[in-house]
Amino acid sequence: MIETRILNPSLLALLARVRHTNRIVIADAMFPSWPGLTEVDLSLVAGVPTVTQVLAAIAATWKPGAAWMAREFHDHNDEATRREFESALGAAPGVLMYEPHSELKARVPGSTGLVRTGEMRIYTNVVLESR
């Protein structure tokens with residue numbers, strides 16, 4: 001039996017498929033579905049689980065080589081929220097990058113899968129690229 005903190009078999013299967021330079025999207029509850037993209041929906045109720053809770057669970061066994069968030073995240077979220085995300089990503093220098101939301105969404109079609117959360121804070125979507 002695999003020993004991991006993650007219990008959801010669909011999320012484990014998605015993570016197992018991610019190879020070198022593949023991407024996954026950790027999305028808030030409002031992020032649109034994407035045709036042809038494997039989607040693991042973890043949302044339970046508004047706010048559960050949060051993107052940072054999912055990031056923390058994934059980070060225990062999987063480290064991104066790069067991560068992108070929308071530049072608009074800074075305009076719509078307070079300093080505490082920004083620190084929360086940087087901490088959850090283990091934001092080593094150069095790992096977390098910001099770009100316009102439209103450019104972030106352009107990365108989605110090439111991703112291996114999308115994990116939907118119950119996150120309700122705006123512009124909290126993260127695209128992670130494996131090392």
Side-chain angles (χ1 to χ4, degrees):
M1 183 170 130
I2 295 173
E3 291 187 26
T4 177
R5 293 176 48 201
I6 298 172
L7 301 176
N8 185 288
S10 298
L11 179 56
L12 285 170
L14 173 61
L15 293 173
R17 290 185 23 238
V18 177
R19 301 290 184 255
H20 180 62
T21 70
N22 288 158
R23 293 185 306 263
I24 59 172
V25 180
I26 312 301
D28 60 32
M30 292 81 60
F31 202 80
S33 293
W34 224 273
L37 194 63
T38 299
E39 186 173 313
V40 176
D41 193 330
L42 301 178
S43 61
L44 182 59
V45 296
V48 178
T50 64
V51 168
T52 53
Q53 288 171 327
V54 172
L55 288 171
I58 290 172
T61 57
W62 191 87
K63 304 288 186 239
W68 292 269
M69 291 186 75
R71 189 173 296 134
E72 292 87 343
F73 171 77
H74 280 278
D75 299 334
H76 296 279
N77 291 282
D78 62 19
E79 182 65 29
T81 300
R82 292 193 295 272
R83 282 194 310 270
E84 176 185 342
F85 274 77
E86 289 169 3
S87 176
L89 285 164
V95 171
L96 179 57
M97 296 164 275
Y98 296 95
E99 62 189 359
H101 187 62
S102 59
E103 290 179 26
L104 180 81
K105 287 173 89 174
R107 293 181 186 281
V108 175
S111 298
T112 301
L114 183 142
V115 180
R116 182 173 317 288
T117 69
E119 181 71 66
M120 299 305 289
R121 294 174 288 186
I122 193 164
Y123 294 112
T124 53
N125 309 296
V126 181
V127 175
L128 302 172
E129 184 175 84
S130 65
R131 293 181 194 184

- prompt: Does Val25 share a hydrophobic cluster with Met97, counting links as ILVMFWY side-chain heavy atoms below 4.5 Å and allowing steps through other members?
  reply: yes
query: Side-chain contact, heavy-atom cut-off 4.5 Å: Gln53 with Leu42?
result: no
message: Any heavy-atom pair between the side chains of Tyr123 and His74 that's under 4.5 Å?
response: no
message: Under a 3.5 Å threshold, yes or no: a donor from one side chain and an acceptor from the other, between Glu119 and Thr124?
response: no
- prompt: Short question: side chain of Glu103, backbone of Pro100 - any donor-acceptor pair under 3.5 Å?
  reply: no
query: Parallel under 30°, tilted from 30 to 60°, perpendicular over 60°: which one fits the rings of Phe73 and Phe85?
result: perpendicular
task: Look up atom CG in Leu128 and atom OG1 in Thr112, then write down how far apart they are to the nearest 0.5 Å.
output: 11.0 Å
Residues that Glu72 engages under salt bridge (charged side-chain N to carboxylate O under 4.0 Å, His left out), provided they are two or more places apart: none
task: Give, for atom OG of Ser10 and atom CD of Glu39, the distance between the pair rounded to the nearest 0.5 Å.
output: 11.0 Å
message: Determine whether a donor-acceptor pair (N or O, by modelled atom type, separation under 3.5 Å) exists between the side chain of Ser130 and the backbone of Thr21.
response: yes
message: Is the shortest side-chain heavy-atom distance between Thr50 and Arg121 below 4.5 Å?
response: yes
message: Using every non-hydrogen atom in the two residues, find where Arg131 and Pro64 come nearest and quote the distance to one decimal.
response: NE-O, 3.8 Å
query: CG/Leu15 to CG/Asn22 distance, rounded to the nearest 0.5 angstrom?
result: 11.5 Å
- request: State whether Arg107 and Glu129 are salt-bridged, where the test is any N-O pair (Lys NZ or Arg NE/NH1/NH2 against Asp/Glu carboxylate O) under 4.0 Å.
  value: no
message: Please say yes or no: joined through hydrophobic side-chain contacts below 4.5 Å, possibly via intermediate residues, are Val115 and Met120 part of one cluster?
response: no
- prompt: How far does NZ of Lys105 sit from CD of Glu99, to the nearest 0.5 angstrom?
  reply: 12.5 Å
message: Any carboxylate oxygen within less than 4.0 angstrom of a Lys/Arg side-chain nitrogen, looking at Glu86 and Arg82?
response: no
task: Taking Asn125 for its side chain and Asp28 for its backbone only, find out whether a donor-acceptor pair lies under 3.5 Å.
output: yes
task: Search all heavy atoms of Ala29 against all heavy atoms of Gly118 and return the closest pair with its distance.
output: CB-C, 4.0 Å
message: Restricting to non-hydrogen atoms, name the atom on Ala88 and the atom on Ala59 that form the minimum distance, rounded to 0.1 Å.
response: O-CB, 4.3 Å
message: Ignoring hydrogens, what is the shortest heavy-atom contact between Val40 and Leu11? Give both atom names and the distance.
response: CG1-N, 3.9 Å
query: If only atom types and distance count, is the side chain of Ser111 paired as donor or acceptor with the main-chain N or O of Val108 below 3.5 Å?
result: yes
In one Ile/Leu/Val/Met/Phe/Trp/Tyr side-chain cluster, 4.5 Å: Trp68, Trp34: yes
- prompt: Is there side-chain contact between Ile24 and Ile26, with at least one heavy-atom pair below 4.5 Å?
  reply: yes
field: Approximate separation, where rounding is to 0.5 Å, of Ile122 CD1 and His101 NE2
entry: 8.0 Å
message: With a 3.5 Å distance limit and no angle check, can you tell me whether Thr117 reaches the backbone of Ala27 through a side-chain donor-acceptor pair?
response: yes
task: Check step by step if side-chain contact (heavy atoms from CB on, under 4.5 Å) holds for Asn77 and Glu84.
output: CA-CA 11 Å; Asn77 291 282; Glu84 176 185 342; over 6 Å; no
Straight-line distance of Arg5 CZ to Thr61 OG1, nearest 0.5 Å: 9.0 Å
- request: Identify whether Leu89 and Ile6 are in the same connected component of the hydrophobic contact network (ILVMFWY, side-chain heavy atoms under 4.5 Å).
  value: yes
